[in-house]
Amino acid sequence: MKSSLTQRLGPLTINLDRQRFAAESLGELLSDQQVRRMQAMVSGQFTGKAVNPSEGRTANHWALRAAAAPAAYSLFAHACQIDIDEATSVKTRLEAFADEVRNGQYRTPQGETYTHIVHIGIGGSDLGPQLLDDVFTHLKLEGQHPHLSIAFLSNVDYHEVQERLARLDPTRTLVTIVSKSFTTRETLLNAGHVRRWLREAGTEFEEAALVGITCKPDKAIEFGIDRQRVFEFSEKVGGRFSLWGPVSASIRMKFGNAVFNQFLEGAALVDEHVALSPVADSLPAWLAICDYYNLQQGIESLMLSPYDSRLGLLVPYLQQLWMESLGKGVTNEGKLLGTPGCPALWGDVGTNGQHAFFQMLHQSALECAVELLAVVCPAHDDQPSHQILLSHFLAQAEAFYNGRLNTDEQRNNPEINYRTCPGKRPVHVLMLDRLSPYSLGCLLATWEHRTTLLAAIQDINPFDQWGVELGKTIAEQIEPCWTQLSAIPKDPVTRHLLALMKHQQCGE
Ligand SMILES: O=P(O)(O)OC[C@H]1O[C@H](O)[C@H](O)[C@@H](O)[C@@H]1O
């Protein structure tokens, strides 16, 4: 066997032996120019260069972790000391407030402790904290507050609002309104619903309960949030890279600062590794190079299956990071990209996926890469069942690549070819020693660097999302058409559909 493409970083191990290329050094798969762009992306982030050219911004989400692990950064981040200081100062304020909520110093107007948090936000202001809440709750961490629960409100769907609020007591609920822009329609609408619900219990509850997390503190104050409880983060932190900072305030409150800071330290380990490794040799770079190579082979789909139920929300979280960052149509120079900027990312936990969509990946003509993630040491003591789970994990990794009955002769033999599995699916194997705040931080920061490096290889901007604007603008134009007779949708199909809906709703 050729030398193994295995790399280990802290609690994370990757293996890339099952790929379609033969190169022993992944850097060989790239041009010098691509490697230079990767270098510029890495050093640009850590030295405050405008790596987000379409918005003329730096990207300093990593400074949020530097606030928890300063030593690691002192080696390379002098140029961004101001960003680190800013992140540290808001972290200190937030830590103090989270402690006050946890230890009952910050109380309801009736002098009781808070028992619920409603976290309102969407996209980057929701997916990360939801993932953290889910994983950390499963981990049964010592720091977890015994009585504090979090309910997330993201969608603009009143069914959800009703259902979530019905289970909560407005006199003992704290509300974190999380929005980088503080203009997002869904978030402000839900915040309005929740504010009314609090007000019905008494205006004093509304005044005490609201906490704002945003880059636009003036807007949060204008909304009615006390300045003391507005926690600001930098405009240079992209929404989908923002879970490391005040966006996760509710997580600090429920699980404690020590737990959250371990999560940041896990991410800081990856930053240090990426910054100090030869650029094409870092662990995230290996993954990004495989992703790029596969795209060039026409493999435009990536199925991710974590073999651990506690990671059930990982895929939705990564879908935003990956596809909002890399789903671009042009390069930084405005040239059309010939391929998608990333494979479409989807998947579900193993072994569940094996009994649903794996069949299609084993036998159909769909070109798909496969990423399987295992947690080697479980948090329970039923070793035999974990060994069965890991056996399935290892078996699928083998089956996707080796296939079955896949010689030309077998494939063309109708007597047996219904059993043919072509194999040669590129397989990325990822293993975490165990699941912890630290290892999760390490995993998510790995994906962030993988994302920005894949962007650099292709010369695309991973930090903007202009496509998202289009639907928002059209929705703004459609909204008044429900109530104003003079407002009519411009598009004839929308006009037709709206008329049908109105008819069905009111029998017009
Ligand atoms: O945090 P907000 O400003 O409310 O934005 C929430 C989300 O809005 C948009 O959908 C963007 O595409 C996302 O990147 C962002 O995370």
Side-chain angles (χ1 to χ4, degrees), residues 51-52 54-55 57-61 64 90 94 118-133 152-157 160-161 175-195 210-225 230-251 313 315-329 341-342 344-345 444 447-448 451-452 455 460-476 478-479:
V51 287
N52 174 354
S54 77
E55 295 175 309
R57 282 187 193 148
T58 60
N60 75 359
H61 48 279
L64 298 167
V90 73
L94 190 57
V118 173
H119 175 118
I120 306 174
I122 197 162
S125 295
D126 166 65
L127 293 161
Q130 275 219 54
L131 168 67
L132 298 186
D133 184 43
F152 290 89
L153 264 189
S154 54
N155 199 1
V156 56
D157 182 336
E160 187 177 89
V161 177
V175 178
T176 53
I177 306 172
V178 186
S179 176
K180 179 177 171 181
S181 60
F182 228 82
T183 56
T184 302
R185 188 78 178 104
E186 293 92 327
T187 300
L188 293 187
L189 191 76
N190 283 337
H193 291 316
V194 173
R195 184 159 64 175
L210 300 184
V211 177
I213 290 147
T214 183
C215 292
K216 302 284 182 199
D218 293 349
K219 290 195 171 129
I221 293 165
E222 200 180 307
F223 182 85
I225 304 176
V230 174
F231 297 92
E232 185 181 351
F233 63 100
S234 164
E235 197 77 72
K236 302 171 209 162
V237 174
R240 54 189 170 274
F241 296 85
S242 66
L243 85 167
W244 314 101
V247 162
S248 296
S250 54
I251 305 300
L313 294 185
V315 172
Y317 169 76
L318 291 177
Q319 280 177 321
Q320 190 209 17
L321 172 67
W322 187 245
M323 297 200 276
E324 203 172 71
S325 301
L326 294 163
K328 307 293 162 62
C342 64
L345 178 65
L444 300 191
W447 266 88
E448 280 185 356
T451 301
T452 57
I460 60 181
N461 182 350
F463 299 112
D464 63 7
Q465 59 282 322
W466 295 99
V468 177
E469 305 298 319
L470 176 62
K472 279 191 199 169
T473 314
I474 301 175
E476 274 167 26
I478 293 174
E479 264 191 49

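Remember, it's a predicted structure, so these values are computed and weren't measured experimentally. For ligands, and for the atoms within them, numbers begin at 1 and follow the listed sequence.
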Among Leu127, Ile122, Ile120, whose heavy atom sits nearest atom 6 (C) of ligand 1?
Ile122

Do Phe152 and Asp126 touch side chain to side chain, with heavy atoms closer than 4.5 Å?
yes

Within the 4.5 Å heavy-atom criterion, are Phe182 and Glu222 side-chain neighbours or not?
no

For ligand 1, is there an N or O atom under 3.5 Å from any N or O atom of Thr187?
no

Should the pair Phe463 and Phe241 be assigned to parallel (<30°), tilted (30 to 60°) or perpendicular (>60°) ring geometry?
tilted

Evaluate Gly124 for polar contact with ligand 1, using N/O atom pairs at a separation under 3.5 Å.
yes

With sequence neighbours excluded, tell me which residues meet side chain to side chain contact (heavy atoms under 4.5 Å, CB included) with Ser54.
Asn52, Asn461, Asp464, Trp466

Out of curiosity, is Glu186 lining ligand 1, as in a heavy atom under 4.0 Å away?
no

Any donor and acceptor pair, going by atom type alone, linking the side chain of Glu232 with main-chain N or O of Val90 inside 3.5 Å?
no

Against heavy atoms of Lys472, which atoms of ligand 1 measure under 4.0 Å?
9 (C)

Tell me the protein heavy atom at minimum distance from atom 13 (C) of ligand 1, and give that distance in Å.
Glu324 OE1, 3.4 Å

Report yes or no: does Arg195 contribute a side-chain atom to a donor-acceptor pair with the main-chain N or O of Gly224 at less than 3.5 Å?
no

Closest to atom 1 (O) of ligand 1 (judged by heavy-atom distance), picking from Ser154, Gly123, Gly238, Ser125:
Ser125

Other residues, nucleotides, ligands: >12 heavy atoms within 6.0 Å of Lys219 NZ
yes

How would you list, by chain and number, every residue that makes a side chain to side chain contact (heavy atoms under 4.5 Å, CB included) with Glu479, sequence neighbours excluded?
Arg185

Atom indices of ligand 1 within 4.0 angstrom of Gln320 heavy atoms, with elements
13 (C), 14 (O), 16 (O)

Residue and atom name of the nearest protein heavy atom (relative to atom 3 (O) of ligand 1), distance in Å to one decimal
Ser181 OG, 2.6 Å

Output yes when the distance from some N or O of ligand 1 to some N or O of Gln465 is under 3.5 Å, and no in every other case.
no

Near Val468, which atoms of ligand 1 are under 4.0 Å from a heavy atom of that residue?
10 (O), 12 (O)

Option set Thr184, Ile177, Leu321, criterion heavy-atom distance to atom 5 (O) of ligand 1, minimum:
Thr184

